[in-house]
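Here is the structure we will look at, set down as structure tokens.
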There are 2 protein chains.
Amino acid sequence: MRGKLTKSQQKILDVLKSVEGEISAQEIHHILRRNGFSTGLATVYRTLKSFLLQGLIKERITVDGESLYQLLNHSHQHHFNCINCGKSIPLPDNNCPINEAVYKSLLPNNFRIYYHTLEFFGLCESCQTLANDKKQSKV
Amino acid sequence: MRGKLTKSQQKILDVLKSVEGEISAQEIHHILRRNGFSTGLATVYRTLKSFLLQGLIKERITVDGESLYQLLNHSHQHHFNCINCGKSIPLPDNNCPINEAVYKSLLPNNFRIYYHTLEFFGLCESCQTLANDKKQSKV
DNA sequence: CTGTCTGCAAAACGTTTGCATGGCG
DNA sequence: CGCCATGCAAACGTTTTGCAGACAG
């Protein structure tokens, strides 16, 4: 894939564009199937990997071990993730603290940076109270 | 597990303490086996999940989909990750831009934050040249 | 005794790969 | 005609789960 996209690749890109936030490979696959395309799951994965290497999309792995993808030109989000229930709550995106200056100060310049992820982990409100009630995961 | 640790759990904690940086569940398992303990892999996973929920350790999922664990009181590291070859290069940890003030400004206070991850993704030097040579992943 | 922790093996899950087919230049 | 992309199914590696037995309080 150099420049031109195949039909399948174009359809996958369309789905990515149509989605507000992040989406998984399997969801893309379902949407395509639902819309009558016989695209295989493997093609979705292969295309996403290719998009990723071209710096077109970003990838984020959730607490549940699933990869979510998002177009890079979309406004990016960071999240709070509950390590107990797996809930992932996007933070207001207006004030991401990672700007050009931070990039430059932290990273050697022989890397080509496509994107970053900033994620917070802990317990959400309800999982905190569950933990306090000791009903939970004494393990 | 409330306060007191079982033998297995203590041994797993010891391994975490003995390691400078991050370590995978499987590596912990191997080390225990090598040292003559018959600890099962499932126990390692179960214990790590419990440690995680107690805020004892942090978890980071690599580009290859493997979880790495690290004691939370150890100095934390951020990384540059090559999306092509999977290399993960730790950044100088002295100046993490995510401090208390940033936490407070970004996050609602009904979450209990245990830790954060900040990761940069892109192409490392050698993968950039490979990409330029077009020998690579035209997909 | 009772309840939790453990090891083992099997299952689950998301993802990747091999291979034969198909489509496009 | 040749080459790359595709679909399918099988393979893969990590993590989770079910279960019976071991252990501790």
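Chain identifiers are assigned alphabetically (A, B, ...) following the order of the sequence lines, protein sequences preceding nucleic acid strands; residue numbering begins at 1 within each chain.
Between B:Lys11 atom NZ and D:dC23 atom P the separation is 12 Å, expressed in whole Å. If you measure from atom CG of B:Leu52 to atom P of D:dT15, you get 12 Å, rounded to the nearest angstrom. Between the NZ atom of B:Lys4 and the P atom of C:dC5 there is a distance of 14 Å, rounded to whole Å. A:Glu66 places its CD atom 18 Å from the P atom of C:dA12, with the value rounded to the nearest Å. Atom pair B:Arg46:CZ and C:dA9:C1' shows a separation of 12 Å (rounding to whole Å applied). Per the geometry, CD belonging to B:Gln9 stands 13 Å off C1' belonging to D:dC23, to the nearest Å. Counting to the nearest Å, the P atom of C:dT15 and the NZ atom of A:Lys49 are 10 Å from each other. Atom CZ of A:Arg60 and atom C1' of C:dG14 are 16 Å apart (whole Å).
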What nitrogen or oxygen pairs link the protein and nucleotides 22-25 of chain C at under 3.5 Å?
unit_1	atom_1	unit_2	atom_2	d
C:dC24	OP1	A:Lys7	NZ	3.2

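If you find the closest nucleotide of DNA chain D to B:Asp64 and to A:Thr43, the one lying nearer the 5' end belongs to A:Thr43.
The shortest distance between the side-chain N/O atoms of B:Ser8 and the OP1/OP2 oxygens of C:dT6 is below 4.0 Å. Within the structure, a side-chain polar atom (N or O) of A:Tyr45 is placed less than 4.0 Å from OP1 or OP2 of C:dT15. Regarding contacts with the backbone of C:dG14, every side-chain N or O of A:Ser67 stays at 4.0 angstrom or more from both OP1 and OP2.
Pairs passing the side-chain hydrogen bond (donor to acceptor under 3.5 Å, both in side chains) check and including a residue from residues 31-41 of chain B, sequence neighbours excluded, read B:His29-B:Arg33.
In this view, B:Asn110 and A:Glu125 satisfy the side chain to side chain donor-acceptor pair (under 3.5 Å) rule, not counting sequence neighbours. Residues that satisfy the side chain to side chain donor-acceptor pair (under 3.5 Å) test with A:Ser24, not counting sequence neighbours, are A:Glu27. For the salt bridge (Lys or Arg N to Asp or Glu O under 4.0 Å) test, residues two or more places apart in sequence or in another chain that qualify with A:Glu119 are A:Arg60. Residues passing the side chain to side chain donor-acceptor pair (under 3.5 Å) test with B:Ser67 are B:Glu59, sequence neighbours excluded. Legend: residues meeting salt bridge (Lys or Arg N to Asp or Glu O under 4.0 Å) with A:Lys104, ordered by chain and number and at least two apart, are A:Glu100. Partners of A:Gln26 by side chain to side chain donor-acceptor pair (under 3.5 Å), not counting sequence neighbours: none found.
Side-chain contact, A:Gln10 with A:Thr6: no donor N or O sits under 3.5 Å from an acceptor N or O.
Using a 4.0 Å cutoff on non-hydrogen atoms, the parts of residues 21-42 of chain B near DNA chain D are B:Gln26, B:Leu41, B:Ala42, ordered by number.
Classified by interplanar angle (parallel below 30°, tilted 30° to 60°, perpendicular above 60°), the ring pair A:His116/A:Tyr103 is perpendicular.
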